[in-house]
Amino acid sequence: MKQELEEAFGFMFEKELLEEIESVGVLRKYKQGDILIDYNETLQQIPLLIDGAVKIMRQDEKGDELALYYLERGDTCSMTLNCCLGSKKSEISAVAETDVIFISIPVQKMQDWMQKYQTWMAFVFESYNSRFNELLESIDNLAFNKMHERLHKYLEDKALVMKSTSLNLSHQDIANDMHTSRVVVSRLLKSLENEGLIKLGRNKIEVLDFDA
DNA sequence: ACATTAAGTGATT
DNA sequence: AATCACTTAATGT
């Protein structure tokens, strides 16, 4: 675990903090598709993401879902942070988008560290900030962009976190993430294909104009 | 060969 | 942009 920790967080934390993390943290691995956090769960652990990507989903009363953003290496979940502090229930769910490795930290430690290590505090604030920005970005996207642009962005983000321009997913999967219908996704994908931005196959989409 | 699931399309709201 | 209804195509058993 030491090595993984160094790679993902070494540049951020001082030695003593890294050692503490190493002694109280538990290295956990999950497979693609596993549910890491479900709605209304109370959270006892803070995850520090080492490898892989986690998709954060929001759900309404009817059970309709919407993908908000991804967590990647070096990230933590700010929902966990404020859930833990108030010991509230989770407002979101987290699903392993790829196979995932993270270090799990008990809540009390994270509170101790807030006072003990300024780098930890900085990390927590920074994390809040970047999560907030990602959320704003998502909102802008939802509010101001047409489906067509949302879809394009969705595919680029997906290609980024999957580290591949060849995506294995169905139109229905996309529709679920974007909270729209499969028919709409199919039509828009078709038009993106006609623009030469992507190439379609069964359960497969190739992103051609990848520029990230 | 048949059933199931994914994708494409016109028409309607 | 959503929904319906229907078709076509690919895949699994």
Side-chain angles (χ1 to χ4, degrees), chain A residues 28-41 49 51-73 75 77-79 89-102 129-212:
Chain A
R28 297 181 195 278
K29 298 182 182 187
Y30 283 89
K31 288 270 177 251
Q32 178 172 29
D34 287 353
I35 295 172
L36 275 46
I37 301 172
D38 212 339
Y39 303 100
N40 295 321
E41 258 180 32
L49 221 68
D51 200 22
V54 178
K55 179 170 67 182
I56 305 300
M57 310 275 297
R58 187 87 171 94
Q59 187 184 47
D60 71 10
E61 318 80 52
K62 280 181 296 202
D64 293 331
E65 294 195 300
L66 175 68
L68 291 180
Y69 52 74
Y70 295 104
L71 298 178
E72 291 176 272
R73 155 186 288 242
D75 290 335
C77 177
S78 43
M79 258 319 281
K89 290 179 174 177
S90 178
E91 304 269 337
I92 50 88
S93 80
V95 182
E97 186 73 3
T98 64
D99 288 359
V100 161
I101 304 174
F102 64 88
N129 193 247
S130 65
R131 243 18 75 199
F132 186 71
N133 283 333
E134 292 215 40
L135 212 65
L136 275 187
E137 219 178 283
S138 297
I139 291 175
D140 284 350
N141 193 23
L142 281 167
F144 303 126
N145 284 350
K146 302 278 179 210
M147 265 299 173
H148 177 262
E149 289 145 26
R150 282 178 59 196
L151 182 57
H152 190 201
K153 186 169 163 19
Y154 174 89
L155 291 173
E156 284 193 340
D157 284 354
K158 193 86 168 183
L160 257 183
V161 301
M162 301 301 287
K163 296 184 180 24
S164 162
T165 54
S166 182
L167 308 172
N168 289 87
L169 74 183
S170 71
H171 297 185
Q172 186 63 63
D173 295 336
I174 301 175
N176 292 340
D177 279 357
M178 303 212 337
H179 198 222
T180 181
S181 69
R182 197 274 307 164
V183 194
V184 170
V185 171
S186 290
R187 290 209 163 101
L188 292 173
L189 282 173
K190 202 74 203 166
S191 86
L192 286 174
E193 185 179 41
N194 290 335
E195 291 172 45
L197 301 177
I198 59 173
K199 193 167 179 302
L200 297 173
R202 188 185 168 90
N203 271 317
K204 194 177 138 197
I205 297 170
E206 304 232 18
V207 183
L208 301 175
D209 75 322
F210 194 61
D211 52 40

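Hydrogens, waters and symmetry mates are skipped; everything else that's a heavy atom, side chains included, is used. Lettering of chains follows the sequences in order, A, B, ..., and the numbering in each one begins at 1.
A donor-acceptor pair is defined here as one N or O able to donate and one able to accept, closer than 3.5 Å; no such pair exists between the side chain of Asn176(A) and the backbone of Asp173(A). Panel note: side chain Asp99(A), backbone Gln32(A); a donor-acceptor pair is recorded below 3.5 Å. The backbone N or O of Glu65(A) lies less than 3.5 Å from no partner atom in the side chain of Gln59(A), so there is not a single donor-acceptor pair. Here the side chain of Thr165(A) pairs no donor or acceptor atom with the backbone of Glu206(A) at under 3.5 angstrom.
In this structure, Gln172(A) atom CD and dT5(B) atom P are separated by 12 Å, rounded to whole Å. Per the geometry, CG belonging to Leu169(A) stands 18 Å off P belonging to dT5(B), to the nearest Å. Rounded to whole angstrom, the span from the CD1 atom of Ile174(A) across to the C1' atom of dA7(B) amounts to 12 Å. As a whole-Å value, the separation of His171(A) NE2 from dG8(B) C1' is 9 Å. Remark: P of dT9(B) and NZ of Lys190(A) are 6 Å apart, rounded to the nearest angstrom.
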Before giving the answer on salt bridge (charged side-chain N to carboxylate O under 4.0 Å, His left out), spell out for Arg131(A) and Glu134(A) the whole-Å C-alpha distance, their side-chain angles and the decisive distance to 0.1 Å. CA-CA 5 Å; Arg131(A) 243 18 75 199; Glu134(A) 292 215 40; 2.6 Å; yes
Report the C-alpha distance between Lys190(A) and Glu193(A) in whole Å, list the side-chain angles of each, state the deciding distance to 0.1 Å, and finish with yes or no for salt bridge (charged side-chain N to carboxylate O under 4.0 Å, His left out). CA-CA 5 Å; Lys190(A) 202 74 203 166; Glu193(A) 185 179 41; 3.2 Å; yes
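Ser181(A) comes within 4.0 angstrom of a base, heavy atoms only.
For DNA chain C, the outermost nucleotides in 5' to 3' order that have an atom under 4.0 Å from a heavy atom of chain A are dA1(C) to dT11(C).
Checked by atom type, the side-chain pair Ser191(A)/Arg187(A) shows no donor-acceptor distance below 3.5 Å. Residues Glu195(A) and His152(A) have side chains that never bring a donor and an acceptor to within less than 3.5 angstrom of each other.
Nearest nucleotide to the side chain of Arg202(A), out of dG10(B), dG8(B), dA6(B): dA6(B).
Note on the helix from dA1(B)-dT13(C) to dT13(B)-dA1(C): terminal axis deviation equals 10°, with five pairs used at each end and the result rounded to 10°.
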